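Below is one structure, written out as structure tokens; comments come after it.
So you know, we letter chains A, B, ... as the sequences are listed, proteins then strands, and number each from 1. The structure presented is a predicted model; accordingly, all values stated were derived computationally and were not measured.
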Amino acid sequence: MQRYEQALNTAAASGGAQPGSRWAELARLPDARGHFGPYGGVFVAETLMAALDELRREYERVRDDADFQAEFAHELRHYVGRPSPIYHARRWSETLGGAQIYLKREDLNHTGAHKINNTVGQALLARRMGKPRVIAETGAGQHGVATATVAARYGMECVVYMGAEDVKRQAPNVFRMKLLGATVVPVESGSRTLKDALNEAMRDWVTNVEHTFYVLGTAAGPHPYPMLVRDFQSVIGRECIEQMPELIGRQPDAVIACVGGGSNAIGIFHPYIPYEEVRLIGVEAAGLGLASGKHAAPLAAGTPGVLHGFRSYLMQDENGQVSETHSVSAGLDYPGVGPEHSYLKDSGRAEYVAVTDDEAMQAFHDLCRYEGIIPALESSHALAHAARLAPTLARDKVLLVNLSGRGDKDINTVAGLAGITL
Amino acid sequence: MSRIAERFATLRAQGRKALIPFITAGDPEPELTVPLMHALVAGGADIIELGVPFSDPMADGPTIQRSSERALRHGVSLRRVLAMVEAFRKTDGATPVVLMGYANPIEAMGQSLFCEDARTAGADGVLTVDYPPEEAADFAANLARHGLDAIFLLSPTTSDDRVAAVARHASGFIYYVSLKGVTGAASLDLNEVAARLPRIRTHTGLPVGVGFGIRDAETARRVAEVADAVVIGSRIVEEIERSPRETVLENVRIFVAGVRAALDSQPAQTP
């Protein structure tokens, strides 16, 4: 047990053991005002500035606080079930005939996805700040469930905003949140999906700011959220850096993760930024194809803009109105992306590609059949790109895929696509 | 002197307070915006706040969100809003117009081009809700170069240090958000406003307007006892929302005139 927590601290302190790396500077971002190059920042109404300042100051304190970090590590181990294993998908790799695919099993965490790493961290922060009420936005419901879970765990009131469309599509998760004691508020404005839920959560926060902590679900939003969510999720990459040498004697050739808002991706990428020889590949949702316009791939097909409190690549029309998005995976169905990804893209440190609904579905079924693992539709996008890449590489190459969540939540969607009603 | 500064100077000389109504450009339909602006003036508006519709109006309550959605259904873009200002200017060269909206439409157009075109159209000030001064130094300078006032928000949670920082970038007037929450929310705390405004005035000589949560003439009158200007938005947008097309201009004019009368009924005083 000591060893796990020590390893985390060592990995954290070294920031990746590659001091001479030309990317070392990049890994130290954001700057004091939350900028990753031209991206990030704090683009919110004055009514939120004091709350964000308070959060930033408190977070800067706990970042270097050994007690807080020890408590966080303790919770990750005993409540979340970390470290999550890395699994060699041998049969699937054989079938693909090329590079070996390894899976970082975030699907094995409590609540079934990486989301809980972040909500545990933010709930501990909320408790330390004396806020008895937490709020969250959710798309597919995974972050909502993860927030409702920690609210129950730490005895906090919890309100989750969810687009009215998503409430209909994700009934089991809505019920799950209610079982955990949360209030779920359907949001009827705009496109009635994740981005509107986020708007509504921000409005709640402005109104109830003294006693409410906003648990943002991804590495986006105004500073300090992209930084603190990344830090909480970086446990994923730090574990990989420890685990990969034990498994294969070295680090992988590439790390692959799906990108919606981008929290699971930044969590596994960030500790690897200084490791020059490791390719970082983010996979966006191409939906029905980038040419169709029905997708959720701002890095592949968007332009920089300002939404939800930060500057980043964004799907928008020529007048700066935010576009509606499409993806088979609700968790990737978001028009923006965390600002650090925008900067990783521009700097060339990470590559971003896109995978269609159909390609993701193929990978979803393959992993079910070849490995006995039902992956989340989000993670299936990362898997699909690995399946594309593996055959082009030699058999001694290693691809590490962040299997960010399990797919039980998606069985209704998958059945629906096959014309089956459960 | 800018049209906004001039208007405040005139009002001060008369011992009167400014009435600043808000409507969303293009709501309920683009053809009505210029007539509505004239109706606001006819009712006694001193400055018009013209909302630029945006798909994700984070700081607005449901009423103004809906007005934005109605305008966007007609495809009202920032460029089209500027064309409306230009049309208004053809028959009203005196009433200042402040554009209020969000950063992204301006970013998409390009800050410099926007400033240039806004000036040419005849706008006088710009309030961009999600450009706090920390992110808006260049933008505020750009506005100033084009003779446009940069209007910023202050809120009950703004620290005195930040008030000073905001005041350094602001021109025209300062907009004090009178409650914690979004536009159109329940009601404001008059005592809080009365206590806060003198503290704000120690940092700035600019006029201070108060808005968010002012829903009737009486509240407006009482706010005007301590503020230089009263901003009314959601309540007017509601009037537009529920009025039939034939009477919407008259209904809006009558509502504004009611507030105007209440503001002018208070004893003259210097702040």
Side-chain angles (χ1 to χ4, degrees), chain A residues 32-35 38 40-54 187-192 195-212 221-223 303-312 314-324 335-336, chain B residues 52-62 65-66 68-69 71-72 75-81 101-110 114 127-136 152-159 161-163 165-166 174-177 179-183 185-186 212:
Chain A
R33 296 229 304 263
H35 295 110
V42 183
F43 293 88
V44 298
E46 182 59 30
T47 41
L48 274 177
M49 291 301 290
L52 288 166
D53 259 358
E54 182 193 11
V187 176
E188 301 283 354
S189 57
S191 57
R192 297 151 43 108
K195 79 179 176 72
D196 310 289
L198 211 154
N199 291 332
E200 208 55 35
M202 289 273 188
R203 292 180 186 118
D204 178 314
W205 198 30
V206 173
T207 311
N208 301 299
V209 65
E210 300 91 352
H211 66 288
T212 297
H223 182 62
T303 49
V306 172
L307 177 70
H308 292 152
F310 63 106
R311 185 180 281 128
S312 196
L314 179 64
M315 287 182 54
Q316 55 182 326
D317 68 16
E318 70 281 8
N319 295 314
Q321 305 296 344
V322 179
S323 311
E324 300 211 351
Chain B
V52 179
F54 181 51
S55 52
D56 294 80
M58 251 167 50
D60 285 299
Q65 288 174 49
R66 284 196 302 272
S68 223
E69 287 171 14
L72 289 176
V76 173
S77 62
L78 178 52
R79 282 192 169 78
R80 196 142 164 219
V81 175
Y102 292 80
N104 203 51
I106 294 173
E107 301 243 323
M109 188 169 173
F114 164 74
L127 196 177
T128 310
V129 176
D130 49 353
Y131 272 152
E134 287 86 344
E135 300 284 0
F152 286 99
L153 299 172
L154 293 178
S155 89
T157 54
T158 307
S159 68
D161 284 353
R162 277 189 61 79
V163 172
V166 169
I174 291 211
Y175 186 148
Y176 181 64
V177 172
L179 49 79
K180 300 185 188 77
V182 293
T183 55
F212 281 38

Side chain, backbone, both or neither: which part of [X] has a heavy atom under 4.5 Å from chain A?
X      : value
B/M109 : neither
B/L153 : both
B/I106 : neither
B/V129 : both
B/R162 : side chain
B/P62  : neither

Looking at chain A, which one of [options] has the largest number of heavy-atom pairs inside 4.5 Å, strictly under?
options                : result
B/A108, B/S155, B/S159 : B/S155
B/P132, B/A103, B/A59  : B/P132
B/L78, B/V166, B/D60   : B/D60

If I compare all heavy atoms of [X] with all of [Y], which pair ends up nearest, and what's the gap?
X      : Y      : result
A/Q321 : B/P105 : NE2-CG, 4.4 Å
B/F54  : A/V322 : CZ-CG2, 4.1 Å
B/T157 : A/A50  : O-CB, 3.3 Å

* Indicate yes or no for a side-chain donor-acceptor contact from A/N199 to the backbone of B/M58 under 3.5 Å, with no hydrogens or angles considered. =>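 Between the backbone of B/M58 and the side chain of A/N199 there is no qualifying donor-acceptor contact (under 3.5 Å).
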* Asked: Any donor-acceptor pair under 3.5 Å linking the side chain of B/E134 with the backbone of A/G41?
  ->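 Such a contact is absent between B/E134 side chain and A/G41 backbone.
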Looking at [options], which one has more heavy-atom pairs under 4.5 Å with chain B than the rest?
options                : result
A/R203, A/M202, A/E200 : A/R203
A/Q316, A/E188, A/E318 : A/Q316
A/D53, A/D196, A/V44   : A/V44

* Asked: For the atom pair CG (B/N104) and NE2 (A/H308), what is the distance rounded to the nearest 0.5 Å?
  ->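 Reported value, rounded in 0.5 Å steps: 11.0 Å.
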* Roughly how far apart are A/D317 CG and B/S77 OG, rounded to 0.5 Å? ->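 So the gap between those two atoms works out to 9.0 Å.
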* Asked: With only heavy atoms counted, which part of A/V209 is less than 4.5 Å from chain B, the side chain, the backbone, both or neither?
  ->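 Just the side chain, heavy atoms under 4.5 Å.
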* To do: Against chain B, label A/L314 side chain, backbone, both or neither, depending on which of its atoms sit under 4.5 Å from a heavy atom there.
  =>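 Contact with chain B involves the side chain of A/L314 alone.
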* Side chains of B/E135 and A/H35 in contact at under 4.5 Å (non-hydrogen atoms) ->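 A side-chain contact under 4.5 Å exists here.
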* Is the shortest heavy-atom distance from the side chain of A/S189 to the side chain of B/E69 under 4.5 Å? ->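 SC-SC contact between A/S189 and B/E69 confirmed.
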* Would you call A/R311 and B/E107 a salt bridge, taking side-chain N to carboxylate O under 4.0 Å as the test? ->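 Result for this pair is yes, salt bridge flagged.
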* To do: Please assess B/T158 against A/E46 for the test side-chain hydrogen bond (donor to acceptor under 3.5 Å, both in side chains), listing each intermediate value before the final yes or no.
  => CA-CA 7 Å; B/T158 307; A/E46 182 59 30; 2.9 Å; yes
